[in-house]
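Throughout, a chain's letter reflects where its sequence line sits, starting with A, and its residues are numbered from 1. Note that these values count all heavy atoms, side chains included, but never hydrogens, waters or copies made by symmetry.
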There are 2 protein chains.
Amino acid sequence: MKKPSGTHTNPSAGLSDVAETETAAIGLIDIQSTDTPSAGPKLRADAARNRERVLTAAAKVFADRGLDVSLDEVARAAGVGVGTVYRRFSDKEALVKALFEDKIENVVVFARESMMFEDPWEGFVHFIERALDLQVQNRGLRDALLHSEFGRAGAARTRAVVTPMVTTIIERAQAAGRLRSDLVAEDVPMLVTMLGAVSDFMGPSDPELWQRYRVLILDGLVAQRAGWTPLSNPPSREVVDAAMTKPL
Amino acid sequence: MKKPSGTHTNPSAGLSDVAETETAAIGLIDIQSTDTPSAGPKLRADAARNRERVLTAAAKVFADRGLDVSLDEVARAAGVGVGTVYRRFSDKEALVKALFEDKIENVVVFARESMMFEDPWEGFVHFIERALDLQVQNRGLRDALLHSEFGRAGAARTRAVVTPMVTTIIERAQAAGRLRSDLVAEDVPMLVTMLGAVSDFMGPSDPELWQRYRVLILDGLVAQRAGWTPLSNPPSREVVDAAMTKPL
DNA sequence: GGTAAGTGGAGGTCTTCTCTCCATTTCTGC
DNA sequence: GCAGAAATGGAGAGAAGACCTCCACTTACC
């Protein structure tokens with residue numbers, strides 16, 4: 001991951017160990033959890049292997065292209081028949097749940113971390129950057145959190161817990177005079193939406209480009225500034241044209 | 001349309017008449033143009049009426065929900081059978097072309113206008129605001145310009161003409177020290193994409209919300225600032241939740 | 001090596017889209 | 001008014017694609 005070198009680009013200063021640990025955990029897939037977590041009749045070796053293959057493939061394909069990828073395609077990506085997918089996960093929803101249920105909780109972790117920063121602005125930037133990293137990169141997770149229908153229960157519960165925490169984070173940074181005073185917690189999903197859209201649009205050809213606009217937006221969020229934070233490289237004309245000239 | 005009262009919110013100062021005239025023209029539908037513009041065998045009265053009904057309905061429905069609305073739905077919205085739509089327009093592409101071909105050209109008009117401003121920053125803001133108004137509000141037009149497949153030829157041609165003009169507009173504002181110097185013309189479609197995503201997400205429940213983030217982004221684009229431009233009202237928690245709890 | 005568990009993928013069912021066809025209705029010139 | 005050309009609407013053909021089931025065959029385990 002590229003690290004642009006601007007004024008709000010070192011969010012983990014003073015908390016790097018906590019942050020790093022969490023980041024690592026996000027990548028893991030919980031291979032223990034079954035479709036119905038209560039039942040645990042011990043899988044045969046090949047079955048366990050295939051279950052993991054499906055989870056890995058689904059994680060990749062959902063992250064890249066969102067939750068409306070068909071299970072046939074997940075099966076193909078896993079090198080497995082559709083039947084196998086359905087034998088292991090009763091439903092598409094069950095698969096999504098197995099993949100994302102715990103990851104969604106990470107947002108709470110980020111919020112808690114952010115409140116522990118001494119500098120309120122750094123805490124705010126930490127939360128924004130973590131939340132964006134999580135949701136912008138992973139389109140499936142973003143779908144689950146923002147357009148739930150699958151995660152519904154879990155996502156709504158998490159939002160209910162996180163929103164007041166985000167309000168606190170924002171108000172601390174505002175009280176410190178670093179953050180513009182008209183930002184509210186409800187803006188965060190909109191920022192995710194905006195940067196997610198760039199990521200969806202240019203993702204395949206330039207996966208880091210969205211961060212250019214994250215920096216731009218942070219320069220809009222700061223209460224005042226004498227100059228600007230340098231942006232990462234812009235897209236080339238060719239790449240933009242290529243992204244545009246492709247199916248809806 | 002709500003007019004937030006910030007520092008970069010009066011783009012048409014000193015050019016209001018030109019701007020207003022153009023804006024009015026955008027709303028019109030050219031009822032003369034036929035599917036194949038060369039042929040003009042004079043339509044029967046009812047046919048002409050229905051043709052216009054289809055165009056009007058299609059304009060509305062494409063603007064609201066993008067180009068992947070089915071022609072059955074356009075027909076229903078027009079109060080007409082699908083057969084009638086296909087009798088008048090050989091193809092979905094033909095309908096889209098008839099609707100948008102000339103509107104796309106408006107981007108060129110905006111660019112020309114913007115270059116005529118005495119104050120380079122005001123010219124830049126004028127262009128950005130016009131271009132966003134045009135494309136964010138009208139999802140169909142945005143689809144045609146950004147994800148062409150339909151408008152392909154026309155959109156590509158327009159982009160080729162406009163890009164150098166936008167570069168000039170941007171460089172003038174940068175030379176005047178008002179615009180951050182790392183912005184390039186290729187960023188404009190990304191800004192459209194970002195705000196378009198907010199509009200798609202919250203559009204039905206809060207059609208003007210995207211402008212809140214337009215102001216935020218402009219505060220990120222300005223070279224430096226002592227304070228911030230006030231944002232329009234944030235979405236309520238309930239409205240955001242409602243937008244989230246709805247199908248993908 | 002017997003058997004229960006697991007597998008793959010053809011295909012059933014459903015939905016949704018584009019576009020055609022034609023019996024019926026509506027305009028228009030005389 | 002009326003004849004005939006023009007136009008209409010909507011059922012439905014055809015294609016695509018999604019979800020999920022079924023079952024003849026294969027594989028792992030004791």
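Counting to the nearest Å, the C1' atom of C/dG8 and the CZ atom of A/Arg88 are 13 Å from each other. Counting to the nearest Å, the P atom of C/dC19 and the OH atom of B/Tyr86 are 4 Å from each other. The interatomic distance linking B/Asp46 (CG) with C/dT28 (C1') rounds to 10 Å, in whole Å. Between the CG atom of A/Asp72 and the C1' atom of C/dG12 there is a distance of 13 Å, rounded to whole Å. Atom pair B/Glu93:CD and C/dT18:P shows a separation of 13 Å (rounding to whole Å applied).
Closest heavy-atom contact between A/Glu186 and B/Ser236: CG-C, 4.2 Å. Taking each heavy atom of A/Leu132 and A/Trp210 in turn, the nearest pair found is CB-CZ3, 4.0 Å. B/Asp143 and B/Gly66 get closest at one heavy-atom pair: OD2-CA, 3.3 Å. Contact between A/Val161 and A/Met165 at its shortest, heavy atoms only, is O-CG, 3.6 Å.
Reading DNA chain D from its 5' end, the first and the last nucleotide to sit under 4.0 Å from a heavy atom of chain A are D/dA18 to D/dC29.
When each of A/Arg44 and B/Val82 is assigned the nucleotide of DNA chain C bearing its nearest heavy atom, the one mapping closer to the 5' terminus is A/Arg44. Across the interface with DNA chain D, nearest-nucleotide mapping of A/Ser70 and B/Arg87 shows B/Arg87 to be the residue nearer the 5′ end. For the pair B/Ala45 and B/Leu71, both in contact range of DNA chain C, the more 5′-proximal nearest nucleotide belongs to B/Leu71.
Proximity note for B/Asp91 (side chain, C-beta onward) versus C/dG6, C/dC19, C/dT28: the nearest is C/dC19. Distance from the side chain of A/Ala47 is smallest to C/dT7 among C/dT7, C/dT18, C/dA4.
The shortest distance between the side-chain N/O atoms of A/Asn50 and the OP1/OP2 oxygens of C/dG6 is not below 4.0 Å.
The pair B/Arg142-B/Asp200 meets the salt-bridge criterion, since a charged nitrogen lies less than 4.0 angstrom from a carboxylate oxygen. Between B/Lys60 and B/Asp64 there is a salt bridge, since a side-chain N of the basic residue sits under 4.0 Å from a carboxylate O of the acidic one.
Within the 4.0 angstrom heavy-atom criterion, no nucleotide atom of any strand lies near A/Arg76.
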Under 3.5 Å, which donor-acceptor pairs link side chains of residues 188-195 of chain A to any protein atom two or more places apart or in another chain?
{"residue": "A/Thr193", "atom": "OG1", "partner": "A/Pro189", "partner atom": "O", "Å": "2.8"}

